[in-house]
2 protein chains.
Amino acid sequence: MANISGIAKLAGVSVSTVSRVLNNHKYVSDDKREAVLKVIEEMNYTPNKNAIDLIRGETKTVGVILPYNNNPAFDQMLNGILNKASENDFSVTVLPSEYNKNKEIGYLQKLKSKLFDGIIIASRASDWETIIPYSNYGSIVSCEYTHNTEIGCSYSDRYSSYLDTFQLLKNRGHFAVAFTTARLESNSTNQMIDAYNEVFGELPTYYHISDCQCLDDGWEAAKKFLQSPERPTAIYANGDEVAGGIYLYATSQQVNIPADLAIIGQENQPTGSVLGITTIDHQLTKVGEEAFNLVLNKSREKIKVPYSIIERESV
Amino acid sequence: MANISGIAKLAGVSVSTVSRVLNNHKYVSDDKREAVLKVIEEMNYTPNKNAIDLIRGETKTVGVILPYNNNPAFDQMLNGILNKASENDFSVTVLPSEYNKNKEIGYLQKLKSKLFDGIIIASRASDWETIIPYSNYGSIVSCEYTHNTEIGCSYSDRYSSYLDTFQLLKNRGHFAVAFTTARLESNSTNQMIDAYNEVFGELPTYYHISDCQCLDDGWEAAKKFLQSPERPTAIYANGDEVAGGIYLYATSQQVNIPADLAIIGQENQPTGSVLGITTIDHQLTKVGEEAFNLVLNKSREKIKVPYSIIERESV
DNA sequence: TTGAAAGCGCTAACAG
DNA sequence: CTGTTAGCGCTTTCAA
């Protein structure tokens, strides 16, 4: 009998007393405590966590919805979350979505079914309208800004960041500037385009390529950019991996970096540092850490995490 | 009342009937099923998963013990696990250990406390003797080979792989070969040394540097290797990131790759492909996938995952 | 300081 | 086909 009443019986006490020693309550006489501890040891007993979670109504577990696991940016966030979760004795369950709305809803249902105390959304496909109702069942924290008061946010101010980057390029004499993004329908793509418009005016379609995730995508993007009607003198990539691909294609075509072409990446990833590519670090680890803190504190604050620019030799 | 008996009452049936429709049992009349479904819909009811897990004694969740999250090799394994877990409607909880034995034991306790159906150990600090007893409480699968019959294994035959690599180097005329490893006390470091001994004989201490994880570590290692009494003509790195650091330091010193120095990395990571570094791919994603299958099937098989060599321009 | 007993929300015999 | 009932293993009043 590997349950609490078995232990109680063997120790000659009631289940409540066993429960008390298990939970370090006071008002347990030393001798009974000893007796219980002894039996627990002998029987090699461990309490059933599901029973405890059921009663307590909380699991000390947070779910993290993220589109892709093998993606440096999301990995940084996850890493931040794991750091803080470990510190606070929380578990982290990874919820891969591939931007599939049904999967996202399925994960939110798990919040409702009391499996998680909260959910962190690294990135999403679903509308906020369909997400918000679930905030009744636990904290929902987003790693992207939203004005909805039901949702806590730990985010990077991407619009400002993009603005700064384009402005920097302009200040250095670049007027033909192209850029890549990850998903066409995403918020940050919109912000990128808005920032471009603000600094350079109308965006020629051939200066924007989306669906870039990895090195190869960067390579292909560079190929197209360098054949465009008006060849860009600078490219802003949506990640250092992509930037690396651009760098490689360019150099393979005897295009000199930065003399003929400036490149800026994002997120300060190894590939970028290898190639000496200037990068905008949105501090995604920090974003993840703050996101966890928000669910820990059941807070719905909006926390803006500062970004920083790391200048290297590609601009 | 957001529980099953509330639903039962409102639908005018017993809890068992509600339970039956919830679990798609047959032998429920269509009209009662309709009625129940209607109330569930109206009340926006979702069953409490903790109660279910408690009764069923299983959680459809697997824990993954891995030392570091932000490590390309472990990320590949995790990715494989997540792929298969998603397919099979399992959840994955990440258990970061930093090779801390206490943390590892803590995670195994969670298996015992019925939080997980199984645990996958990507890499470990604890001895098998202390781990094995926990296999009574759920499947434990290792991503490294062990002869213990209690433990399922999905692994890469590293000794063979290292042997092949050193042999390849030797065949190409390299006799002064150095290498890096991650942890001194690890199994794979031992296998690396054994393989070296087999191919080249005794290992000069200055041909082995451990504790290499990232690009910077590779850079520092290269610095030392290139100053060693007998400068190596080839270096085998324990990862493409480290290999990248070696490549960069070498080229920064006007050392020609591969003319003056051959470099081989591992795991086919982006940094390696950027720099054209030959690499040994241990198919870690596949290792993760097979590991998950083992816990799914409660199998204790030993599955050897084949490795492959990807030749590029660094040898 | 202790124990009895009433749940937490659900499943699964068992009886009808 | 349906309902009653006894749990799953634990926490927590309440009374003593």
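Each chain gets a letter, A, B and so on, in the order the sequences are listed, and its residues count up from 1.
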4.5 Å side-chain heavy-atom contact, A:T93 and A:L115: no
Qualifying residues under ring-ring contact (aromatic ring centres under 6.0 Å, His included), relative to B:Y137, sequence neighbours excluded: none
Report the residues that fulfil side-chain contact (heavy atoms from CB on, under 4.5 Å) with A:K298, sequence neighbours left out, ordered by chain and then residue number. A:S139
For residues 32-42 of chain A, run the donor-acceptor check on the side chains, cut-off 3.5 Å, and write out each pair with its distance to 0.1 Å, sequence neighbours left out.
from  : atom 1 : to    : atom 2 : distance (Å)
A:R33 : NH2    : A:H25 : O      : 2.8
A:K38 : NZ     : A:E42 : OE2    : 3.4

Polar atom pairs between nucleotides 5-9 of chain C and protein, under 3.5 Å, N or O only, would you list them?
none

Quick one: which residue pairs count as a salt bridge (charged side-chain N to carboxylate O under 4.0 Å, His left out) with a foot in residues 146-157 of chain B, not counting sequence neighbours? B:D157-B:K304
Pick the closest DNA chain C nucleotide for B:V18 and for A:G12 by heavy atoms, then say which residue is nearer the 5' end. A:G12
Tell me whether A:S135 contacts the main-chain N or O of A:I140 through its side chain, where contact means a donor paired with an acceptor under 3.5 Å. no
Passes side chain to side chain contact (heavy atoms under 4.5 Å, CB included), A:L78 versus A:V92? Steps please. CA-CA 9 Å; A:L78 181 59; A:V92 175; 4.1 Å; yes
Kindly list each side-chain donor-acceptor pair under 3.5 angstrom involving residues 116-133 of chain A, sequence neighbours excluded, with atom names and distances?
from   : atom 1 : to     : atom 2 : distance (Å)
A:D117 : OD1    : A:T59  : N      : 2.8
A:D117 : OD1    : A:T59  : OG1    : 3.3
A:D117 : OD2    : A:T59  : N      : 3.4
A:D117 : OD2    : A:K60  : N      : 2.8
A:S123 : OG     : A:Y99  : OH     : 2.6
A:R124 : NE     : A:S126 : O      : 3.0
A:R124 : NH1    : A:E144 : OE1    : 2.7
A:R124 : NH1    : A:E144 : OE2    : 3.0
A:S126 : OG     : A:E104 : OE1    : 2.5
A:T130 : OG1    : A:D127 : O      : 3.4

Outer limits of DNA chain D sitting under 4.0 Å from a non-hydrogen atom of chain B, read 5' to 3', are D:dC1 to D:dG9
Would a distance-only check, ignoring hydrogens and angles, find a side-chain to backbone donor-acceptor pair under 3.5 Å from B:E301 to B:G152? no
Compute the angle between the rotation axes at the two ends of the helix from C:dT1-D:dA16 to C:dG16-D:dC1, each taken over five pairs, rounded to 10 degrees. 40°
For DNA chain C, which residues in residues 20-40 of chain B have a heavy atom at a distance below 4.0 Å? B:R20, B:N23
Select base, sugar-phosphate, or nothing to describe what A:S19 touches, counting heavy atoms under 4.0 Å on all strands. base
Check residues 50-57 of chain B and write down every donor-acceptor pair under 3.5 Å in which the side-chain atom is one partner and the other belongs to a residue at least two apart or another chain.
from  : atom 1 : to     : atom 2 : distance (Å)
B:N50 : ND2    : A:K114 : O      : 2.9
B:D53 : OD1    : B:K49  : NZ     : 2.9
B:R56 : NH2    : B:N23  : OD1    : 3.1

Applying side-chain contact (heavy atoms from CB on, under 4.5 Å), name anything that partners B:N100, two or more places apart in sequence or on another chain. B:N102, B:K103
Verify the distance criterion only: is there a donor paired with an acceptor across the side chains of A:Q109 and A:Y134 at less than 3.5 Å? yes
Residues pairing under side chain to side chain donor-acceptor pair (under 3.5 Å) where one sits in residues 70-80 of chain A, two or more places apart or in two chains, turn out to be A:N79-B:N69
